[in-house]
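Naming: A, B, ... by sequence-line order, numbering from 1 per chain. What you are looking at is a predicted structure, and each value in this text was computed from that prediction instead of being measured.
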There are 2 protein chains.
Amino acid sequence: MAEVATRETALKEAEAVCTRRGAVLTPLRRQVLELVLRAEAPVGAYALLDQLKAMRPGAAPPTVYRALDFLLEQGLIHKVERLNAYIGCNESGHGHSHDHHHPHQFLICRTCGATMEIADPAVTHAIEAAARRVGFVLAEATVEIEGTCARCAEA
Amino acid sequence: MAEVATRETALKEAEAVCTRRGAVLTPLRRQVLELVLRAEAPVGAYALLDQLKAMRPGAAPPTVYRALDFLLEQGLIHKVERLNAYIGCNESGHGHSHDHHHPHQFLICRTCGATMEIADPAVTHAIEAAARRVGFVLAEATVEIEGTCARCAEA
DNA sequence: GACCGGGTCGGAACATTATATCATCAGGTC
DNA sequence: GACCTGATGATATAATGTTCCGACCCGGTC
Ligand SMILES: [Zn+2]
Ligand SMILES: [Zn+2]
Ligand SMILES: [Zn+2]
Ligand SMILES: [Zn+2]
């Protein structure tokens, strides 16, 4: 599978990103990141916990949430608010080398659940302009577009 | 207070919108809508429930959620996903006369909690274009911009 | 009047998502 | 060794949201 190689690369990069910043990608955090990357769609915290328990019998909600918080902080994953679920950051395509929090948008398919991350400059720019127009100092924007993905639409 | 008049007007309009569609704004639904409109910031379902209990001792979670579902369906309120909270639709400013689901964006102040609804055509258009570019059929877009509102920023 | 249907609400239980708190342990510093 | 910091173990609890069943009302329809 090509995905396995991609995942391995992503994990290696994550390791590098963390050490470059003085953060530590501990075995636990790495395990959680791998589970998120392995999933085909955004995963919920308790789904991760169930999988984690197989490897770490003592795992509990805080175990997962602490790891997720770290990974979010490092920009290695994102949270999809509409789904209360987490997804690996896809930094390829847009050239952000794992900025802590880079502008991004999600396209969520209601049929198959596939969620694609994009970073459309026009969307980002329009949002910045809208905020500026009313004197609002933008910190972070959540953009989650729901509908039907191309594959599901043509069927 | 000017807000009271605004709220009364909004309630009257809500009533009219519902009857025009064959839906019924029952006393319960109207009460919940009034509580949402009365709040200064987005309100959580359980905060509404607490207030509702004062008037309706038997109120339980489904009581509130059913009313909220109805109001969302009618486009009278919106849900703010980042806050798991609900806010009245501000249809003034943009000329949607309570479309069931109209494109909109939120500006959420992290300092004071104030949340402003806007409907910026450039943002809406950029999102539509981004979706179309990848063959995605858009149904609904959540745009929630967090930061500091103008009042809090100047202080 | 009897019957049926949809829509609304009361009420109990449950499911899902997230956090608070305290204890423990390992590594580095003085 | 005494001390601090960051990470994890472990238990409990909070916050948010849903399922399910039964009652009730109200408008047809026979
Ligand atoms: Zn990303
Ligand atoms: Zn799809
Ligand atoms: Zn609105
Ligand atoms: Zn503010």
Please check: side-chain N/O of [X] versus main-chain N/O of [Y], any donor-acceptor pairing under 3.5 Å?
X	Y	result
B/Gln74	B/Cys18	no
B/Glu117	B/His104	no
B/Thr19	B/Val17	no
A/Arg7	A/Glu34	no

> Under 3.5 Å, is there a donor-acceptor pair between the B/Gln31 and B/Arg56 side chains?
Replying inline: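 Yes, a side-chain donor-acceptor pair sits under 3.5 Å.
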> Nearest nucleotide by nearest heavy atom, which residue falls closer to the 5' end of DNA chain C, B/Phe70 or A/Ala45?
Replying inline: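 This one resolves to B/Phe70.
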Contact under 4.0 Å: [X] side-chain N or O vs [N] OP1/OP2:
X	N	result
B/Asn84	D/dA15	no
A/Lys79	C/dT17	no
A/Arg29	D/dT8	yes
B/Thr26	C/dC9	yes

[X] has an atom [atom1]; how far is it from atom [atom2] of [N], in whole Å?
X	N	atom1	atom2	answer
A/Leu68	D/dT8	CG	C1'	15 Å
A/Lys53	D/dA10	NZ	C1'	13 Å
A/Leu83	D/dT16	CG	C1'	16 Å
A/Leu25	D/dA7	CG	P	11 Å
A/Asp50	C/dA15	CG	P	14 Å
B/Leu49	C/dG10	CG	P	12 Å
B/Arg82	D/dT16	CZ	C1'	17 Å
A/Asp69	D/dG6	CG	P	16 Å

> Ignoring hydrogens and angles, are the base of C/dA20 and the side chain of A/Tyr65 linked by a donor-acceptor pair under 3.5 Å?
Replying inline: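 A donor-acceptor contact between them is absent.
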>> Taking atom types as they are modelled, would you say the side chain of A/Arg66 forms a donor-acceptor pair with the base of D/dG9 within the 3.5 Å cutoff?
In response: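 Between D/dG9 and A/Arg66, which were checked side chain against base, a qualifying N/O pair under 3.5 Å is present.
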> So, A/Arg110 and B/Glu140, do they make that salt bridge, N to O below 4.0 Å?
Replying inline: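 A salt bridge links A/Arg110 with B/Glu140.
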> Which nucleotide, in any strand shown, forms a Watson-Crick or G-U wobble pair with D/dT29, with both distances under 3.5 Å?
Replying inline: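 Pairing partner: C/dA2.
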> Is D/dG17 paired to anything, Watson-Crick or G-U wobble with both distances less than 3.5 Å, and if yes, which nucleotide?
Replying inline: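 Check on D/dG17: paired to C/dC14, both distances under 3.5 Å.
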Please determine, for the side chain of [X], which listed nucleotide ([options]) has the closest atom?
X	options	answer
A/Pro61	C/dG10, C/dT19, D/dT8	C/dT19
B/Ala60	C/dG11, C/dA18, D/dG9	C/dG11
A/Tyr86	D/dA7, C/dA18, C/dA12	C/dA18

> Planes under 30° and centres closer than 5.5 Å, is that true for A/Tyr46 with the base of C/dT17?
Replying inline: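 Stacking between A/Tyr46 and C/dT17: present.
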